[in-house]
Amino acid sequence: MTTPSLFVSCPRNLEPLLLQEIQALGIQNARVGHLGVFVEQTDLSTVYLLNYGLRLASRVLLPLFRFRCSGKEALYRQARAWDWGRWMGVQQTFAIDAHVHQNPGFTNSLYAALVLKDAICDAMRERTGERPSVCLKDPDVQLHLFLQGEQAIVSLDTSGQPLYKRGYRQEGGVAPLQENLAAAILHIAGYRGQEALFDPCCGSGTILIEAALIATETPPGYLRSRWGFMHHPDCTTDA
């Protein structure tokens with residue numbers, strides 16, 4: 001079971017801009033994919049940099065293992081055999097975000113997530129006598145399952161909360177603009193922080209706040225205090 005590259009996800013059609021942003025951070029081994037960018041480095045220093053410094057990204061996924069998966073039995077068997085004790089404790093909560101594309105055994109992403117959840121809980125209960133709990137709102141460990149054809153990848157979501165949640169929004173309107181989309185609008189408009197910017201119909205002020213972060217060269221992750229990578233077993237950051 002070989003592991004692929006890091007995958008940095010983003011909204012549709014922003015992949016080329018995200019690639020430019022990643023390269024501007026000094027990371028050259030990257031290539032555009034569907035709804036994101038693949039980054040060849042998988043070391044934690046790269047994980048930290050991507051999470052802290054990217055304005056356009058949604059999540060940074062660190063692959064744990066990949067395998068052939070034709071359906072429920074294969075997913076359950078492979079996932080149950082994995083050493084989950086290295087990645088989470090029975091006292092920690094977890095959640096699974098699943099995406100299925102043209103897999104012969106699954107037509108429903110939620111069902112695929114449920115099968116993976118059962119495999120994890122059964123594996124840990126067999127080895128420890130206890131099982132971890134699921135928490136959908138704010139889990140300790142966020143996992144991601146991607147099924148494309150008969151290829152499956154299980155990843156650790158090193159971002160935790162989506163990266164567009166910068167930490168400065170206290171409340172918003174009915175449908176506030178996501179922060180990474182606001183940053184993308186500014187990027188496409190050519191805003192670099194030196195120009196005067198007026199937004200008379202600012203709503204929650206997301207575009208203006210993102211512009212202020214760019215103008216002051218404030219990293220988008222500056223105000224965040226929690227990240228998914230804090231639960232990586234090799235992480236040296238105080239969680």
Side-chain angles (χ1 to χ4, degrees), residues 6-27 30-39 46-61 95-101 109-110 135-139 142 144 146 155 157-230:
L6 286 171
F7 185 71
V8 185
S9 66
C10 67
R12 188 181 302 274
N13 298 325
L14 294 186
E15 298 94 337
L17 298 181
L18 177 60
L19 176 62
Q20 294 175 15
E21 189 180 26
I22 289 173
Q23 291 173 337
L25 291 177
I27 300 171
R31 56 185 172 85
V32 168
H34 177 59
L35 295 178
V37 173
F38 292 98
V39 176
T46 302
V47 169
Y48 301 155
L49 179 61
L50 293 171
N51 275 288
Y52 191 70
L54 292 177
R55 301 185 190 279
L56 307 185
S58 299
R59 297 180 183 276
V60 179
L61 302 178
I96 300 168
D97 182 25
H99 295 276
V100 176
H101 297 277
S109 296
L110 291 177
C135 177
L136 300 180
K137 185 177 180 180
D138 189 22
Q142 179 73 52
H144 184 274
F146 180 72
S155 301
D157 184 344
T158 69
S159 303
Q161 291 287 327
L163 293 178
Y164 64 78
K165 295 187 176 182
R166 313 284 203 223
Y168 61 72
R169 188 190 296 279
Q170 299 301 311
E171 59 183 72
V174 176
L177 180 66
Q178 286 188 358
E179 289 79 349
N180 58 344
L181 291 178
I185 291 172
L186 291 164
H187 182 91
I188 294 170
Y191 180 78
R192 297 296 180 266
Q194 289 77 42
E195 305 84 355
L197 179 65
F198 298 91
D199 187 5
C201 301
C202 65
S204 300
T206 306
I207 291 178
L208 293 176
I209 296 173
E210 289 296 314
L213 294 178
I214 293 172
T216 57
E217 299 183 354
T218 303
Y222 180 75
L223 294 175
R224 285 183 51 144
S225 59
R226 293 188 61 189
W227 310 84
F229 59 68
M230 290 178 171

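The basis for the numbers below is simple: all heavy atoms, side chains too, and nothing from hydrogens, waters or symmetry mates.
- Leu49 pairs by the side-chain contact (heavy atoms from CB on, under 4.5 Å) definition with Leu25, Ile27, not counting sequence neighbours.
- Atom-to-atom distance recorded for Ile214:CD1 and Ile209:CD1 is 12.5 Å, nearest 0.5 angstrom.
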Without placing hydrogens or testing angles, list every side-chain donor-acceptor pair under 3.5 Å for residues 183-196, not counting sequence neighbours.
residue	atom	partner	partner atom	Å
Glu195	OE1	Arg192	N	3.1
Glu195	OE1	Gly193	N	3.3

### Task
Evaluate side-chain contact (heavy atoms from CB on, under 4.5 Å) for Leu6 paired with Leu50, printing each intermediate quantity in order.
CA-CA 10 Å; Leu6 286 171; Leu50 293 171; 4.0 Å; yes
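- Looking at Val60 and Leu163, their side chains come closer than 4.5 Å, going by heavy atoms from C-beta outward.
- In this view, Asp138 and Arg226 satisfy the salt bridge (charged side-chain N to carboxylate O under 4.0 Å, His left out) rule, not counting sequence neighbours.
- Under the rule for a salt bridge (charged side-chain N to carboxylate O under 4.0 Å, His left out), the partners of Arg166 that lie at least two apart in sequence or sit in another chain are Glu210.
- Within the structure, ring pair (Phe, Tyr, Trp, His ring centres under 6.0 Å) pairs that include any residue of residues 197-227 comprise Trp227-Phe229 (at least two apart or interchain).
- In this structure, the side-chain contact (heavy atoms from CB on, under 4.5 Å) partners of His101, at least two apart in sequence or on a different chain, are His99, Phe146, Gln148.
- For Thr206 (side chain) and Glu179 (main-chain N/O), no donor-acceptor pair under 3.5 Å exists by modelled atom type.
- Note that CD of Gln142 and CG of Leu136 are 8.5 Å apart. Values are rounded to the nearest 0.5 Å.
- For Arg55, there are no salt bridge (charged side-chain N to carboxylate O under 4.0 Å, His left out) partners, not counting sequence neighbours.
- Between the CZ atom of Arg224 and the OG atom of Ser159 there is a distance of 6.5 Å, given to the nearest 0.5 Å.
- Listed by chain and number, the residues in a side-chain contact (heavy atoms from CB on, under 4.5 Å) with Ser109 are Ala98, Val100 (sequence neighbours excluded).
- Applying the ring-ring contact (aromatic ring centres under 6.0 Å, His included) rule to Phe7 yields the partners Phe38; only residues at least two apart in sequence or on another chain are considered.
- Every residue two or more places apart in sequence or in another chain that forms a side-chain contact (heavy atoms from CB on, under 4.5 Å) with Leu208 is listed here: Leu197, Asp199, Cys202.
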Below 3.5 Å, can you tabulate the donor-acceptor pairs from side chains in residues 9-18 to any protein atom, sequence neighbours excluded?
residue	atom	partner	partner atom	Å
Ser9	OG	Arg59	N	3.1
Glu15	OE1	Asn13	N	3.0
Glu15	OE2	Leu35	N	2.8

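- The salt bridge (charged side-chain N to carboxylate O under 4.0 Å, His left out) search around Glu21 returns none, not counting sequence neighbours.
- In plain terms, the two heavy atoms of Ala57 and Val8 that are nearest each other are CB-CG1, 3.5 Å.
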